Protein chains: 2
Amino acid sequence: MESAIPASLLAMLDRRDAMSPAERQAFAGLPWRLQSFQDGAEIVPEGHRPTESCVLLRGFTANVRYLANGDRQLTAIHVPGDFFDLHGLFLKVLDHGVVALTECQVAMVKHEHLKRLAADHLRLVSMFAASIAREGALQRTWIVCMGRKDPVRRIAHLVCEMYRRLERAGGARDFQFEFPVTQAEIADLAGLSVVHTNRALQELRATGLMSWQGAEIRISNWASLVAFAGFDETYLGLQLDEQ
Amino acid sequence: MESAIPASLLAMLDRRDAMSPAERQAFAGLPWRLQSFQDGAEIVPEGHRPTESCVLLRGFTANVRYLANGDRQLTAIHVPGDFFDLHGLFLKVLDHGVVALTECQVAMVKHEHLKRLAADHLRLVSMFAASIAREGALQRTWIVCMGRKDPVRRIAHLVCEMYRRLERAGGARDFQFEFPVTQAEIADLAGLSVVHTNRALQELRATGLMSWQGAEIRISNWASLVAFAGFDETYLGLQLDEQ
DNA sequence: CGTAATGTTGATGATTATCAAGCCACGTGG
DNA sequence: CCACGTGGCTTGATAATCATCAACATTACG
């Protein structure tokens, strides 16, 4: 199935690093291929040599690494609008897989087209690099959480981050949002056992700063939750340095 | 102090993504500024808006994030030849500081010069992006270690990684190398207490797979250490995708 | 209505942080 | 040369944290 990338998505990609009209038009004109995936599907296999890059349109996906004993660790989580595969444009091999955490929809475009685009619009290469650098900032933040924050704060931090990122993507408002992710997936993200994740979640709910029932998260006291989690959102606001 | 970048360093930067003669010459011709730092010195402050990027010439440095309670977490460690600051070329603000883990020497070059260079040699922008993407792969690997590996394996993995990276940089041979880093710094890197780091190290030495006395690390059984740590080095070999 | 996936609970033992102290190597000043 | 201070390493004891196992409850869904 071949289709133009939805205008709403383009607006969202655009939000952070404003594209010029010419860039926007060239971007939207690429031969995007839309594809849907079921909950749990493997979107990109680990160790794959990618020939196209992906933008998440709907749902949640995550980077995943599997260990020999069957354990796995999620190293990043993506929200709609994320160009989650972009480093594959510069490196020959992907060091991780990408898995669908929910039913989701992805727009894919071949690297050859992105490269031709980049050759015509040089600033886009810098935008790509900035996007990759931003993902690095997310990962550094997660390393800090895993290394120096207890499980309750770790999950609280995740909630804060997801709210801000989804807000930007148009998927969150008024301190509430849908987050249809299982506790087992939270465990794989936070580096915890499922049982302990469950208890940490209960403890977090017991603070009264937020609720999380089913897929619905509601933050009742943003400022206190931020303080509790030690959430410093500067790492989310990093912008392309023009000139 | 203004000086040309040492030829040996250039050769090392070159090792991964071969530069053309023209690129190499342009690169070496930039107005590099050499600067030395004492053990523990802050090379780049957290939240800084950088105007230059840095290549580590000698010693060890690390990315660092400080928490409100005074704890800190190291999110990356750099070896000679690493362009540890490159994402600052694309983002306005650095989300982390850089600290000297040992006495070290750094070559710095202003962003304006790098950007002019990049405009003349477009492939260099891709090389920069690839370098940033590689750092992302290192970070993902560390997330996996922190989330799913016990402290002994975590440190074993660090030893494996440092050996391979130093080997490439010319700082390791015959399964031994100098690593003059304190246990407190290992603790901040691995997300452990100092006491537990010490005990994990003793346990690791007790396996007989390696020794670590003072600053001297000696790996006596590489294959077994790799197996024990679950070290899969594909993430280190990622190369720039040319076309 | 049955079945599987997800969430929850209790009990237990292993892991890890914390505190407090001592040890060792090294450099500095008397 | 020795006293002394400092920083890094090591040890023991204790308590908090976390994983694991084995249920059971709840929900989603065919």
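Source: prediction; values computed, not measured. When reading the values below, keep in mind they use all heavy atoms of this one structure, side chains included, and skip hydrogens, waters and symmetry mates.
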Worksheet item: For DNA chain C, whose closest nucleotide is more 5', that of Val195(B) or that of Gln183(A)?
Response: Gln183(A)

Discussion item. Walk me through whether Leu86(B) and Glu135(B) qualify under side-chain contact (heavy atoms from CB on, under 4.5 Å).
Written reply: CA-CA 10 Å; Leu86(B) 206 48; Glu135(B) 172 124 8; over 6 Å; no

Fill in: Check: Leu238(B) main-chain N/O paired with Arg134(B) side-chain donor or acceptor under 3.5 Å
yes

Worksheet item: What nucleic acid atoms does Thr182(A) come within less than 4.0 Å of, heavy atoms only: base, sugar-phosphate, or nothing?
Response: sugar-phosphate

Discussion item. So, OP1 or OP2 of dT10(D): does either fall under 4.0 Å of a side-chain N or O from Arg205(B)?
Written reply: yes

Fill in: Rounded distance in Å - CD (Gln202(B)) to C1' (dC9(D))
9 Å

Discussion item. Using a 4.0 Å heavy-atom cut-off, does Leu201(A) contact any base of the nucleic acid, only the sugar-phosphate backbone, or nothing at all?
Written reply: nothing

Worksheet item: Yes or no on side-chain contact (heavy atoms from CB on, under 4.5 Å) for Leu67(A) and Lys149(B), after CA distance, side-chain angles and deciding distance?
Response: CA-CA 10 Å; Leu67(A) 280 74; Lys149(B) 288 184 182 173; 4.0 Å; yes

Fill in: Toward the 5' end of DNA chain D, by each residue's nearest nucleotide, Asp39(B) or Arg199(B)
Asp39(B)

Worksheet entry | Contact list for residues 221-235 of chain B, test side chain to side chain donor-acceptor pair (under 3.5 Å), sequence neighbours left out | Glu161(B)-Tyr235(B), Arg164(B)-Glu233(B), Asn221(B)-Ser224(B), Asp232(B)-Thr234(B)

Discussion item. Tell me the closest heavy-atom pair linking Leu236(A) and Arg168(A), and the distance in Å.
Written reply: O-NH2, 3.4 Å

Worksheet item: Taking atom P of dA16(D) as reference, at what distance in whole Å does atom NE2 of His196(A) sit?
Response: 15 Å

Worksheet, complete the sentence: Glu52(B) and Val109(B) have their tightest heavy-atom pair at CB-O, 3.0 Å

Discussion item. Heavy atoms only, 4.0 Å cut-off, all strands: where does Gly40(B) land among base, sugar-phosphate and nothing?
Written reply: nothing

Worksheet item: Quick check: does any side chain N or O of Arg148(B) sit under 3.5 Å from a backbone N or O of Arg72(A), one acting as donor and the other as acceptor?
Response: yes

Worksheet entry | Met146(A) CE - dT17(D) C1' separation (whole Å) | 16 Å

Worksheet item: For DNA chain D, what residues of residues 148-159 of chain B have any heavy atom nearer than 4.0 Å?
Response: none

Fill in: Given Phe83(A), Phe84(A), Phe60(A), the one that forms ring-ring contact (aromatic ring centres under 6.0 Å, His included) with His78(A)
Phe84(A)

Practice prompt. Could you list where the contact with chain A starts and ends along DNA chain C, reading 5' to 3', using a 4.0 Å heavy-atom cut-off?
Written response: dT6(C) to dA11(C)

Worksheet item: Does Gln73(B) reach the main-chain N or O of Tyr66(B) with its side chain, forming a donor-acceptor pair under 3.5 Å?
Response: no

Worksheet item: Does a side-chain N or O from Asn198(B) land closer than 4.0 Å to OP1 or OP2 of dT10(D), or not?
Response: yes

